[in-house]
Amino acid sequence: MPTDPAAPQEKAPSRNFIQQIIDADRAAEKNEGRVHTRFPPEPNGYLHIGHAKSICLNYGLAREYGGKFNLRFDDTNPAKEEQEYVDSILDDLHWLGADWEDRLFFASDYFDQLHQWAVQLIKAGKAYVCDLDADQMREYRGTLTAPGKESPFRDRSVDENLDLFARMKTGEFPDGSRILRAKIDMASPNINLRDPVMFRIKRAHHHRTGDKWCIYPSYDFTHGQSDSLEGITHSICTLEFENHRPLYDWFCEALEIHHPQQIEFARLNLTYTVMSKRKLLQLVTEKHVAGWDDPRMLTLRGLRRRGYTSESICAFCERIGVSKVNSTIDMAWLEDAIREDLNERAPRALGVLRPLKVVLTNIPEGETLEMSAPNHPQKPELGTRTVPLSREIFIEQDDFMEQAPKKFFRLKPSGEVRLRAAGIIRCDEVVKDASGQIVKLHCTFDPDSSRKVKGTIHWVSAAHALSAEVRLFDHLFSCENPDDVPEGGTFLDNINPNSLEILTNAKLEPSLANAEPGSHFQFERSGYFFVDPTDSKPGRPVFNRTATLRDTWAKMKK
RNA sequence: UACCCCGUAGUGUAAUUGGUAACACUAGGGAUUUUGAUUCCCUCAUUCCAGGUUCAAGUCCUGGCGGGGUAGCCA
């Protein structure tokens, strides 16, 4: 049917507040209509899902408006930064799919320019060298409710400031003995404007500039200028920098340079996890997890190893939106995003996590039947594969109940159930050991599966099964907000002791022996699994459970 | 007790800039199903509170209340 151009159009997709700002800027032809964003990580840790939100936002905006996107490392504090982090961030960004083309920058590239600008501000009487030490600085700064007082060094002459700053640079003074400050307003209600630090003396080896410098610019004296130098139009950061914006603006104006607009949005919070670098680091260093790429960690490396795809993470970031409201997203949204992606792309397989042996008494010993199973029920074009069936098979322990409730559609004594892609079995006998534990089931197999049966279960032929290690993960914390602890407690008290379960005796269909590390499968009725890229060996894959399938039965039991 | 930001279903994001609350996820129902999966339907808010302006307020004004941020020579 031809579309009628006069017909009411689909409602315009809603615009978030940043898009609205950019729309307005472009309408006013600000920056000649250009859009240029950037992602500015400090290389002092690994990227996590919260960074992904920022990356998708910045990169997405640049693409949407046909603009540019830069990657810039904010490396102004050599004491905390390392090349290792630079490398991992580069790698994670590539994986995520962000493309900065040839625009990879480092704030440390601008140290000379920043130094020059500092001299310029000194000459303009807008910056001075202060001899107060850190404790004195704090005293003079005042408090949230009380104004600060001016430093006794505030009115030094330009020449003296120039001389002192030059000597700071040449290394004449010890660390912390002097500092270069902007001369703004010690009584400002915004503490960031109470003569903030521009350059500090710090003898530390920088991962890029080595020992060239012993003075380093502060964040506030670096960030806006770096944006400016790169022609950034919209400098997007998180809410805690709101109070820094007046200072960002002050430096751009005092220096009379291109003035990007800082825009703040709410950082991502998720239930059942922590997001701060400090806490993630603590989890790693105190060995509550195996490392930065532990599949339970919401670092990009952790998610990647867990089996999350970059597409699912971007879809998630798209779905959560962006605003200035402090909010906490339900972890279920992340799980939903990966299920949605993997449901499409993951080929199906049969895998029994906790095996229970079943003897199909009417199949002769040594005989192997070849069953044909679809690789994807909704995508016949993905074809089928052969799954062997023989006298002894494994089924999931949960799929048999001796005393079954009425709604239990699986196997029970004298009951029938369908074996996926095979046939129907009837449970004739429950075999137990001396202690009453169920050892195995005796069933009869009916290859005619045209009959209607309530339940269908997965299975694996015992003689052909691949025994594999399967790792199951749960939330790292057992409550929605791990930081919600009684007096004297810490977030570590809320660690979920059962967040990792390793199954060493899972039974998988034999085709999985050749599963490629880094590939995804759905074990039918169970979940999505990822072949661990670092621990798998040829012929001996290790599977990480990325996510379970939705399970309405499990919910009914509650 | 200072300044700044923010309050819309359980969660998150919208609402053509003053025109009668939408979308997604969750939850609860139902249909289909050789995965209790997928898919598909249905149900769930008078927008923090109180005044005010207006024919009309989630949107504007005033005053409350609530949440968050800020006192590194961290970013």
Side-chain angles (χ1 to χ4, degrees), chain A residues 11-16 20 40-42 44 74-77 79-81 107 130 132-134 137-138 141-148 175-181 188-194 196-202 215-216 218-220 222-223 237-246 264 266 271 277 319-330 332-333 335-337 339-340 343-344 348 350 373-374 376-378 407-410 417-424 449-458 522-527 548-556:
Chain A
K11 257 222 298 233
S14 61
R15 319 238 74 202
N16 64 49
Q20 290 177 20
E42 183 188 14
N44 69 343
D74 224 336
D75 55 349
T76 58
N77 184 0
K80 293 188 173 178
E81 297 149 8
C130 181
L132 258 26
D133 66 28
M137 278 269 284
R138 193 177 316 118
R141 186 158 41 229
T143 68
L144 293 175
T145 52
D175 287 12
S177 60
R178 283 180 226 263
I179 199 154
L180 184 71
R181 308 174 68 174
S188 171
N190 182 343
I191 291 180
N192 291 307
L193 263 20
R194 319 243 262 230
V197 172
M198 292 166 59
F199 266 92
R200 71 275 211 192
I201 305 172
K202 183 178 290 217
I215 56 172
Y216 290 94
S218 63
Y219 164 84
D220 285 305
T222 304
H223 203 92
C237 61
T238 46
L239 248 27
E240 66 271 27
F241 291 100
E242 263 175 332
N243 294 335
H244 289 249
R245 179 160 21 100
E264 310 86 12
T271 56
K277 261 182 196 171
R319 198 173 302 173
I320 58 176
V322 43
S323 74
K324 302 189 74 158
V325 186
N326 289 302
S327 59
T328 303
I329 309 284
D330 195 319
W333 282 39
E335 290 163 4
D336 186 71
R339 283 195 194 107
E340 195 173 301
N343 178 48
E344 288 293 316
R348 313 287 127 126
L350 298 178
H376 191 121
Q378 275 80 41
K407 288 278 208 173
F408 187 79
F409 299 154
R410 284 108 98 146
V417 78
R418 182 190 313 283
L419 294 183
R420 166 106 252 230
I424 292 171
S449 63
S450 57
R451 239 163 50 239
K452 196 96 177 152
V453 194
K454 264 293 194 184
T456 300
I457 64 174
H458 55 279
Q522 185 201 85
F523 292 177
E524 295 204 29
R525 303 208 312 128
S526 177
T548 62
L549 257 32
R550 282 206 187 83
D551 190 349
T552 45
W553 167 244
K555 270 189 270 181
M556 283 168 67

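First the proteins, then the strands, lettered A, B, ... as listed; each starts at 1. Values reported hereafter were calculated over all heavy atoms of this structure, with side chains retained and with hydrogens, waters and symmetry mates removed.
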Ignoring backbone atoms, test whether [X] places a side-chain nitrogen or oxygen under 4.0 Å from the OP1 or OP2 oxygen of [N].
{"X": "Gln20(A)", "N": "U16(B)", "value": "no"}
{"X": "Arg141(A)", "N": "U70(B)", "value": "no"}
{"X": "Lys555(A)", "N": "A27(B)", "value": "yes"}
{"X": "Arg194(A)", "N": "A71(B)", "value": "no"}
{"X": "Arg348(A)", "N": "U35(B)", "value": "no"}
{"X": "Ser449(A)", "N": "U34(B)", "value": "no"}
{"X": "Lys324(A)", "N": "G7(B)", "value": "no"}
{"X": "Ser526(A)", "N": "U35(B)", "value": "no"}
{"X": "Thr76(A)", "N": "A75(B)", "value": "yes"}

- Message: Would you say that Arg339(A) contacts Thr548(A) through its side chain, given a criterion of any heavy-atom pair below 4.5 Å between the two side chains?
- Response: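 Side-chain contact under 4.5 Å: yes.
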- Hey, could you give me the NE2/CG distance between His244(A) and Leu193(A), rounded to the nearest 0.5 Å?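 Reported value, rounded in 0.5 Å steps: 10.5 Å.
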- Task: State whether the aromatic ring of Trp553(A) stacks on the base of G36(B), taking stacking to mean ring centres under 5.5 Å apart and ring planes under 30° to each other.
- Result: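 A stacking contact exists, since Trp553(A) sits close and nearly parallel to the base ring of G36(B).
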- Query: Has Phe409(A) got its ring stacked on the base of G36(B), with centres under 5.5 Å and planes less than 30° apart?
  - Reply: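 Here the ring of Phe409(A) and the base of G36(B) are stacked, with centres under 5.5 Å and planes under 30°.
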Within the modelled atom types, does a donor on one side and an acceptor on the other bring the side chain of [X] and the base of [N] under 3.5 Å apart?
{"X": "Gln522(A)", "N": "U35(B)", "value": "yes"}
{"X": "Arg525(A)", "N": "G36(B)", "value": "no"}
{"X": "His458(A)", "N": "A37(B)", "value": "no"}
{"X": "Glu340(A)", "N": "A24(B)", "value": "no"}

- Message: From CG of Asp336(A) over to C1' of U39(B), roughly how many Å is that when rounded to an integer?
- Response: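 It is 14 Å, rounded to the nearest whole Å.
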- Describe the nucleic acid contact of Asn77(A) in one word from base, sugar-phosphate, nothing, applying a heavy-atom distance below 4.0 Å.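 Sugar-phosphate contact only.
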- Message: Applying a 4.0 Å non-hydrogen cut-off, can you work out what Asn44(A) is touching in the nucleic acid: base, sugar-phosphate, or nothing?
- Response: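 Nothing, no nucleic acid heavy atom in range.
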- So which nucleotide from A37(B), G7(B), A75(B) ends up closest to the side chain of Val325(A)?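 My answer, after comparing the listed nucleotides, is G7(B).
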- Candidate nucleotides C25(B), A75(B), U35(B), ranked by approach to the side chain of Tyr219(A) - the nearest: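 Nearest nucleotide to the side chain: A75(B).
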- Item | Listed partners of Asp336(A) passing side-chain hydrogen bond (donor to acceptor under 3.5 Å, both in side chains), at least two apart |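 Residues passing side-chain hydrogen bond (donor to acceptor under 3.5 Å, both in side chains) with Asp336(A): Arg319(A), Arg550(A).
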- Message: Stem list for RNA chain B, please, built from Watson-Crick and G-U wobble pairs under 3.5 Å and keeping only runs of at least 3.
- Response: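 Listed by first number, the stems are B:2-7 with B:65-70, B:10-13 with B:22-25, B:27-31 with B:39-43, B:48-52 with B:60-64.
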- Using the closest heavy atom to pick a nucleotide of RNA chain B for each, name whichever of Ser450(A) or Pro189(A) lands nearer the 5' end.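 It is Pro189(A), whose closest nucleotide lies nearer the 5' terminus.
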